[in-house]
Every structure is written in structure tokens, then in C-alpha cells.
Amino acid sequence: MKVLIYDGDCNMCSRLIQFVVLINKDKDLYITDFNSQWTKNNSDLVPEINSLVFVNDSQVSVYSEAVIELSIALHPLLKPIKLGYLIPKKLRDGLYKIIAKNRHKFFKQDACKLANEKFKAMYLN
């Protein structure tokens with residue numbers, strides 16, 4: 001089972017989740033937010049950080065690694081993103097943290113949409 005945990009109060013994250021739901025081809029991929037019961041029940045998997053968290057079985061990825069691993073799982077056409085591992089982790093994570101720190105400035109408009117059936121099927125409460 002693969003689970004993407006995101007900040008449900010973040011407009012940038014909400015847009016990312018809309019994209020994830022739209023292109024997802026992995027039937028074992030689920031999504032949830034940091035405030036869900038699933039996350040609370042599995043808090044030993046979720047580090048105390050301000051980042052996307054991607055859980056693949058018991059492997060937990062954060063920061064740029066979470067984005068790369070999510071991309072690989074999402075769709076076969078995104079597998080070349082794995083080449084991102086060629087960029088030094090310190091540089092990848094640094095860029096990720098800059099974007100994360102400023103995400104509320106970049107995405108001020110509300111990105112909330114009504115949940116469709118695919119979203120409901122992927123969401124862990």
C-alpha cells in the first residue's frame with residue numbers, strides 16, 4: 001500500500017492532489033491529510049516535519065524524495081523523474097524547502113474542488 005500524506009490546508013497541496021487523482025494509474029495508491037484519522041492511527045510512520053510524506057509499505061519518504069517516489073508510483077510516463085536522484089539530495093531538498101516555505105504566497109487562491117468518485121476511492125479517512 002502506498003499513501004501520500006499532505007497538508008489539507010495548503011492550496012498548493014490541494015492542487016497537487018487534484019493532479020495526483022487525475023493521472024493516477026496505481027490502484028494501490030491512496031491519499032490522506034495530516035489531520036485524518038488514518039494519519040493519527042499511523043503516526044509512527046509520519047515524521048514531525050512540514051512536508052509531503054510518501055509511505056510505500058514501511059518506507060517513508062519526505063521532501064524531494066517524496067516527490068520523486070510519488071511520481072514513479074503515479075504513472076509510467078513519470079518514471080524518468082527518477083533521474084532526479086542524480087541531483088544531490090542537499091540541493092533537491094533545499095529547493096523543496098524554499099518552495100514549501102513560500103507556498104502560501106504562491107498559491108493564495110482557494111483550490112478546493114468538490115471531491116469526485118476517484119478522489120473518494122483514493123482518500124483514507
Side-chain angles (χ1 to χ4, degrees):
M1 182 163 124
K2 300 169 192 142
V3 181
L4 174 63
I5 307 169
Y6 67 98
D7 179 356
D9 297 327
C10 168
N11 288 331
M12 187 170 105
C13 297
S14 294
R15 288 175 192 241
L16 172 69
I17 295 306
Q18 290 172 17
F19 178 72
V20 165
V21 170
L22 179 69
I23 69 164
N24 180 39
K25 297 291 182 191
D26 188 337
K27 293 180 178 161
D28 292 329
L29 177 63
Y30 297 92
I31 54 177
T32 193
D33 63 68
F34 286 112
N35 298 318
S36 73
Q37 192 60 47
W38 187 93
T39 303
K40 291 173 185 166
N41 291 344
N42 294 281
S43 62
D44 57 321
L45 293 175
V46 183
E48 292 293 324
I49 57 167
N50 188 16
S51 172
L52 289 175
V53 177
F54 185 70
V55 180
N56 187 351
D57 295 324
S58 62
Q59 179 186 352
V60 178
S61 301
V62 295
Y63 302 125
S64 63
E65 184 177 322
V67 174
I68 293 170
E69 291 298 320
L70 170 65
S71 299
I72 293 167
L74 264 181
H75 197 284
L77 292 176
L78 296 178
K79 290 199 186 295
I81 292 176
K82 191 172 189 171
L83 292 172
Y85 281 124
L86 296 174
I87 300 169
K89 183 173 175 46
K90 204 171 200 176
L91 184 61
R92 284 185 285 125
D93 285 350
L95 179 60
Y96 179 97
K97 289 175 185 178
I98 289 170
I99 293 169
K101 181 179 178 183
N102 294 293
R103 70 186 187 270
H104 295 290
K105 293 178 192 173
F106 298 146
F107 292 88
K108 293 181 181 180
Q109 190 176 22
D110 189 12
C112 185
K113 286 178 77 174
L114 292 176
N116 61 24
E117 292 304 314
K118 190 172 179 185
F119 177 90
K120 291 176 185 174
M122 290 177 66
Y123 190 81
L124 298 172
N125 290 319

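Sequence positions, counted from 1, serve as the residue numbers for this chain. None of the values given here were measured: they were computed from a predicted structure.
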Quiz item: Please walk me through it: do Arg92 and Tyr63 pass side chain to side chain contact (heavy atoms under 4.5 Å, CB included)?
Solution: CA-CA 8 Å; Arg92 284 185 285 125; Tyr63 302 125; over 6 Å; no
Exercise. Check the pair Tyr6, Met12 against side chain to side chain contact (heavy atoms under 4.5 Å, CB included), reporting the backbone distance first and the verdict last.
Key: CA-CA 10 Å; Tyr6 67 98; Met12 187 170 105; over 6 Å; no
Distance check, rounded to the nearest 0.5 Å: [X] atom [atom1] versus [Y] atom [atom2]?
| X | Y | atom1 | atom2 | result |
| --- | --- | --- | --- | --- |
| Met122 | Ile17 | CE | CD1 | 7.5 Å |
| Asn125 | Gln37 | CG | CD | 9.5 Å |
| Asn35 | Lys40 | CG | NZ | 6.0 Å |
| Lys82 | Ile72 | NZ | CD1 | 5.0 Å |
| Ser64 | Lys90 | OG | NZ | 13.5 Å |
| Leu70 | Leu78 | CG | CG | 8.5 Å |

Over all heavy atoms of both residues, which pair between [X] and [Y] is shortest? Give the atoms and the distance, please.
| X | Y | result |
| --- | --- | --- |
| Val53 | Val62 | CG2-CG1, 4.1 Å |
| Ile23 | His75 | O-CD2, 3.3 Å |
| Thr32 | Leu124 | OG1-O, 2.7 Å |
| Ser61 | Ala66 | O-CB, 3.4 Å |
| Gly8 | Ser14 | O-OG, 4.1 Å |
| Ile68 | Ile81 | CG2-O, 4.0 Å |

Quiz prompt | Pair listing, ring-ring contact (aromatic ring centres under 6.0 Å, His included) test, anchored in residues 13-45, at least two apart | solution =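 Sorted result for residues 13-45: empty, none.
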Is a donor on one side and an acceptor on the other found under 3.5 Å between the side chain of [X] and the backbone of [Y]?
| X | Y | result |
| --- | --- | --- |
| Asn24 | Val20 | no |
| Asp7 | Ser51 | no |
| Asp26 | Leu74 | no |
| Ser71 | Val67 | yes |

Quiz item: Between the side chains of Tyr96 and Glu65, does any donor sit under 3.5 Å from an acceptor?
Solution: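 Judged by distance alone, the side chains do not pair up.
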Quiz item: Should we say atom NZ of Lys25 is surrounded by more than 12 heavy atoms from elsewhere, each under 6.0 Å from it?
Solution: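 No, the 6.0 Å shell around NZ holds no more than 12 heavy atoms from other groups.
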Quiz item: Should Asn42 and Val55 count as side-chain neighbours, where that means a heavy-atom distance under 4.5 Å?
Solution: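 The answer is no, as the side chains (C-beta and beyond) never meet within the 4.5 Å cut-off.
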Exercise. May I ask whether Phe54 and Met1 are part of the same hydrophobic cluster, defined by side-chain heavy atoms of I, L, V, M, F, W, Y residues being less than 4.5 angstrom apart, directly or through others?
Key: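 Yes, Phe54 connects to Met1 through the hydrophobic network.
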